[in-house]
Amino acid sequence: MTVFFADLPRHAFLQYALVTGLLVSLACGVIGTYVVTRRISYIAGGISHSVLGGMGAAFFVRAVLGWEGVRPLHGAVAAALVSALVIGLVSLRGKEREDTVISAIWAIGMALGVIFIARTPGYAEELMGYLFGNILMISPREIELVAALDLAVLATVALFYHQFQAVCFDEEFARLRGLRADLYYLLLLALTALTVVLLVTAVGVVMVIALLTLPAAVAGLFARSMWRMMLLSVILCALITSFGLAASYGPDLPAGATIVVSAGAVYLAALVWRRFAAAFRTGTAGASAARPVDSARVTD
Amino acid sequence: MTVITMEDAAFGYDGRPVLEHVDFQVQRGDFLSIVGPNGGGKTTLLKLILGLVQPTAGTVRVLGERPETARKRLGYMPQHHHLDDRFPMRALDVVLLGRIRPIGPFGRKDRERAETALAEVGLQGSEHRLFAELSGGQKQRVLIARALAADPEILLLDEPTAHLDYRVEADFYDLLRGLSRKLTVLLVSHDLAFVSKSVESVVCVNRTVAVHPTSKLTGDTINALYGESMRIVRHDERLHAEDA
């Protein structure tokens with residue numbers, strides 16, 4: 001940890017990594033709150049894995065066909081949005097089972113990515129970076145794209161905060177009040193897709209879902225409204241990514257994996273804390289204390 | 001003045017009829033209860049009125065318009081078991097959703113109306129309590145307040161008596177009776193004791209619809225509706241409380 005802070009002023013790549021972690025945390029905390037409360041983490045998982053297909057394709061096109069303007073992140077954005085749209089339409093209108101379609105997109109996206117990368121000469125090590133993240137390799141160009149995506153996500157949420165809340169809490173009622181609930185749901189999935197792409201830069205395809213859900217889940221244990229949950233979740237996410245990055249640097253551990261393990265530790269600690277706090281309040285450590293909602297229930 | 005008209009309306013899923021030959025009218029100021037066996041089509045009747053499902057035959061008119069157009073003038077309290085009981089919203093946030101617009105934030109007037117609506121259902125002072133931490137009966141009141149916050153002309157309630165503690169039932173009758181003086185109220189209820197004490201007429205739903213005044217709600221009508229011999233039990237004195 002001390003090595004990290006000693007080297008931070010000297011190495012630009014460490015500064016880029018830290019800034020990326022902080023930028024990513026903004027969208028992660030806000031959208032993570034929706035993913036947790038609307039219970040769409042499996043959808044987010046499907047989208048994040050399908051992103052590998054897009055990155056692989058962009059990588060292939062760039063190296064083999066020589067299209068220099070195409071970057072893996074462009075492919076990631078395209079794949080994430082297409083997956084979100086397909087899953088969204090299936091869940092709204094389709095007759096197929098939603099989870100089957102998500103699983104298909106999850107696996108096919110990854111498979112396409114692996115094939116494209118295998119067909120691109122000499123770059124097999126890139127695959128590891130996409131799968132598990134390489135926040136230390138991030139370039140200023142990519143930070144610009146990350147910042148732009150961040151801004152798009154946050155501005156949209158600021159504009160439609162109440163409408164998203166209405167649709168997530170009670171879709172039918174929102175529809176009865178004249179909201180285009182379908183469109184808001186698709187928009188929410190699109191924002192989830194963009195946030196997934198942001199997180200892929202930090203922790204890679206495989207571990208996105210941890211960062212998207214765990215800080216928000218911890219915040220959800222304590223927050224009493226949506227915006228408070230978002231705020232707390234952003235703060236937690238920023239602390240966890242910064243801590244994971246710093247802790248991984250000295251012993252030369254993979255940064256993405258260290259960040260995810262840190263998130264898991266915070267989640268576990270919060271659950272334990274919550275249980276003891278509830279037991280302390282009610283004076284019992286029984287099963288009912290594990291669900292504070294019940295113990296706090298008041299009869300009319 | 002007639003506010004809801006159904007003429008020979010029908011609805012079915014995948015060719016299986018749920019409701020057929022529904023002819024009935026609701027007048028402004030009516031206080032009606034929809035009763036009938038499970039699967040008889042009570043909720044479907046509400047959904048037809050709200051325009052959430054389209055009739056497969058016949059017509060439905062609400063406030064002289066198509067239900068999809070009229071539904072912003074309706075207030076709806078759904079059953080709350082489909083709502084996530086861990087959603088981080090305070091009671092006031094839930095009530096405010098009655099004021100939601102297709103775009104844009106809430107204003108001061110929305111907040112004031114939401115606070116009044118909470119007071120109307122007897123929950124003043126509970127604005128900042130977490131919706132998840134409320135009892136079943138209190139949740140129902142919050143959802144009624146959400147419907148009232150939209151200033152509806154007709155109030156539709158799906159099973160408002162389902163989760164009530166017997167101690168608060170009396171208050172609840174008073175609340176609904178008070179509301180029925182200002183609004184047209186339709187409620188779905190299984191509770192025939194509640195129905196016979198409170199409402200003016202019952203809408204009996206079992207594949208089709210028949211309207212009876214409550215005073216004529218005899219054993220024969222109930223048997224005809226439920227298709228078997230039912231015993232009417234007044235359970236004002238029951239000791240068992242569902243919600244305790």
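Chain identifiers are assigned alphabetically (A, B, ...) following the order of the sequence lines, protein sequences preceding nucleic acid strands; residue numbering begins at 1 within each chain.
Proximity to chain A is limited to the side chain of Leu52(B), based on heavy atoms less than 4.5 angstrom apart. Both the backbone and the side chain of Arg146(B) have a heavy atom closer than 4.5 Å to some heavy atom of chain A. Heavy-atom distances place the side chain of Pro78(B), and not its backbone, under 4.5 Å from chain A. For Phe106(B), the parts sitting under 4.5 Å from any heavy atom of chain A are the backbone and the side chain alike. The contact between Phe169(A) and chain B is made by backbone and side chain atoms together, counting heavy-atom distances below 4.5 Å. Residue Ala223(A) touches chain B through its backbone alone, counting heavy-atom pairs closer than 4.5 Å. For a residue to count as touching a neighbouring chain, one of its non-hydrogen atoms must lie under 4.5 Å from one of that chain's; by this rule Met229(A) touches chain B with the side chain only.
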Decide side-chain contact (heavy atoms from CB on, under 4.5 Å) for Arg86(B) and Leu221(A); before the verdict, give the C-alpha distance in whole Å, the side-chain angles of both, and the deciding distance to 0.1 Å. CA-CA 9 Å; Arg86(B) 299 187 53 188; Leu221(A) 293 174; 4.0 Å; yes
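Within a 6.0 Å radius of OH in Tyr267(A), other residues, nucleotides and ligands contribute 12 heavy atoms or fewer. Within a 6.0 Å radius of CZ in Arg228(A), other residues, nucleotides and ligands contribute more than 12 heavy atoms. Annotation for Phe222(A): atom CZ counts as buried by contact number, over 12 foreign heavy atoms lying within 6.0 Å.
Using a 4.5 Å heavy-atom cut-off against chain B, the contacting residues of residues 34-47 of chain A are Thr37(A), Arg39(A). Scanning residues 178-186 of chain A against chain B with a 4.5 Å non-hydrogen threshold yields Gly178(A), Leu179(A), Tyr184(A), sorted by number.
Within the 4.5 Å cutoff, no side-chain heavy atoms of Arg175(A) are placed close to those of Glu68(B). Using a 4.5 Å cut-off on side-chain heavy atoms (C-beta onward), Arg90(B) and Met226(A) make no contact. A 4.5 Å side-chain heavy-atom check between Leu176(A) and Leu50(B) finds at least one atom pair inside the cut-off.
For the options Leu143(B), Ile103(B), Asp93(B), Leu96(B), heavy-atom pairs under 4.5 Å to chain A are most numerous at Ile103(B). The candidate from Arg99(B), His128(B), Met89(B) with the greatest count of non-hydrogen atom pairs under 4.5 Å with chain A is Met89(B).
Phe87(B) contributes atom CZ, which lies 11.0 Å from atom OG of Ser225(A) (distance to the nearest 0.5 angstrom). We find the CD-CD1 distance between Gln163(A) and Ile100(B) to be 4.5 Å, quoted to the nearest 0.5 Å.
Gly98(B) approaches Arg177(A) most closely through the heavy-atom pair O-NE, 3.6 Å.
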